[in-house]
Protein chains: 2
Amino acid sequence: MKPRDENKINEIYKATLNLVKASGLAGITMQMVAKEAGIATGTLYIYFKNKEALINALFDVCIRSSASTFFSNYDPAQPFKIGFHTIWLNIVHRRVTHFNESIFIEQCFHSPFIDEESKVRLRKIFEPLLHLIERGKKEHLIKDIDTTWLLSLMVGAINEIAKRTMYYHIKLTSEILEANFQLCWDGIKA
Amino acid sequence: MKPRDENKINEIYKATLNLVKASGLAGITMQMVAKEAGIATGTLYIYFKNKEALINALFDVCIRSSASTFFSNYDPAQPFKIGFHTIWLNIVHRRVTHFNESIFIEQCFHSPFIDEESKVRLRKIFEPLLHLIERGKKEHLIKDIDTTWLLSLMVGAINEIAKRTMYYHIKLTSEILEANFQLCWDGIKA
DNA sequence: AAGTTAAATGAATAATTATTCAGTTAAAAG
DNA sequence: CTTTTAACTGAATAATTATTCATTTAACTT
């Protein structure tokens, strides 16, 4: 028998992400995805039951691989600011290097494909960060206001940094990164 | 002759915004829009040439009405921080009270409907804010880094505040608003 | 090397959705 | 009150897009 070319799934994912970045979830068709992935339309349906299944599987993959990068090199035993800086940098890096993934996740959040359960799963991947913020409050290093607002500043700013970086083709030097981290830090620090 | 019910256009816009908030640009059909607006499908085509025209017209309306609120009560003659606070509050207020509009604009930005020209027009509405930021830098009140990053923190955080407020059904008291403004201000201040 | 099995193809079909249009209604003009 | 005109309707049609399937291809097994 002929084995599946497992790499084909990655090609399909890559194609989908690129197309969604270019023209949104509303702008993709299965034919476009197949063509972009360099396969026949019918082949898509060997790997995915239907369009919804493709989008959901990709959403899941995006969440999982994002999560794995957000906390790499993060050691809860280190001082708060070190840990916070590590995670901040990781998220910025991911958002910029996987910009089409960021757009895809954003689009999925308001789409007919993704159910409430998946949205909850997306929120869950930020939990370690949530705990770190709580710790920072206990150590009186950051402001004692509801964690959701501290996260708003951090995550919201990061999303916007990624968008501007990509839209305006900016090269993120470490000077720029540190300046942006400083903005965030000055905002949340006690 | 029978005159056009000009209010119908608003119903169509409202219907579109509500549907897009619920299931994204990818999730709407002209039939759904018509039904939600309480009119026949054919009637839609009296007011809009086609789907693309509807989306584009609505995008334009959203941009224009947003712009008009962002700078209401803003007087460039006032001290920097007062002006900045006014605009900050205006944008937060607009994003929350017109949340479906915010989602619509976000979705349009990566869609097959909106052209580059409209995107530029969207960026233009922030220009008075851009000038205010430049002024703040000249007066040494805020950090001397590229305006785009100062805006990232402000606008990014605001977008995230609006999302969390709506997703978690939070009531924005003036205490919460002021605490959030403080986060932003501490971030950008010199 | 022949046989077997599943992947791969892409044109055909099914399903969905955009758009039209013949008929109906309602407001305004005369 | 009648006529006129354009809005309005929603079923019919056109266009697009998802999905299937008969056929071909390629890899593995014996």
Just jot down the ring-ring contact (aromatic ring centres under 6.0 Å, His included) partners of [X], sequence neighbours excluded, or say none.
X	result
A:His93	none
B:Tyr74	none
B:Phe48	B:Tyr13
A:Trp149	none

Give the rounded distance in Å between these two atoms: [atom1] of [X] and [atom2] of [N].
X	N	atom1	atom2	result
A:Ile46	C:dT5	CD1	P	17 Å
B:Tyr45	C:dC21	OH	P	13 Å
A:Leu44	C:dG10	CG	P	13 Å

List in chain and number order the residues that pass side-chain hydrogen bond (donor to acceptor under 3.5 Å, both in side chains) with [X], two or more places apart in sequence or in another chain; answer none if no residue qualifies.
X	answer
A:Asn159	A:Arg95
A:Asn100	A:Asn18
B:Lys189	B:Asp186

Nucleic acid contacts - residues 32-43 of chain A versus DNA chain D, non-hydrogen atoms under 4.0 Å: A:Thr41, A:Gly42
Nucleotides 28-30 of chain C: which of its N/O atoms have a protein N/O under 3.5 Å away?
unit_1, atom_1, unit_2, atom_2, d
C:dA28, O4', B:Met1, O, 3.2

If you find the nucleotide of DNA chain C closest to B:Met30 and the one closest to A:Lys8, which residue's nucleotide is nearer the 5' end? A:Lys8
May I have the list of side-chain donor-acceptor pairs in residues 125-134 of chain B shorter than 3.5 Å, sequence neighbours left out?
unit_1, atom_1, unit_2, atom_2, d
B:His131, ND1, B:Glu127, O, 3.4
B:Glu134, OE2, B:Thr147, OG1, 2.7

How would you list, by chain and number, every residue that makes a salt bridge (Lys or Arg N to Asp or Glu O under 4.0 Å) with A:Arg135, sequence neighbours excluded? A:Glu139
Please work out whether the ring planes of A:His85 and A:Phe181 are parallel, tilted or perpendicular, with thresholds of 30° and 60°. perpendicular
Base, sugar-phosphate, or nothing: which does B:Tyr47 touch, judged by heavy atoms less than 4.0 Å apart? sugar-phosphate
Please identify the 5'-most and 3'-most nucleotides of DNA chain D with any atom under 4.0 angstrom from a heavy atom of chain A. D:dT17 to D:dC28
Contact check, side chains of A:Cys108 and A:Ile105, non-hydrogen atoms, under 4.5 Å: no
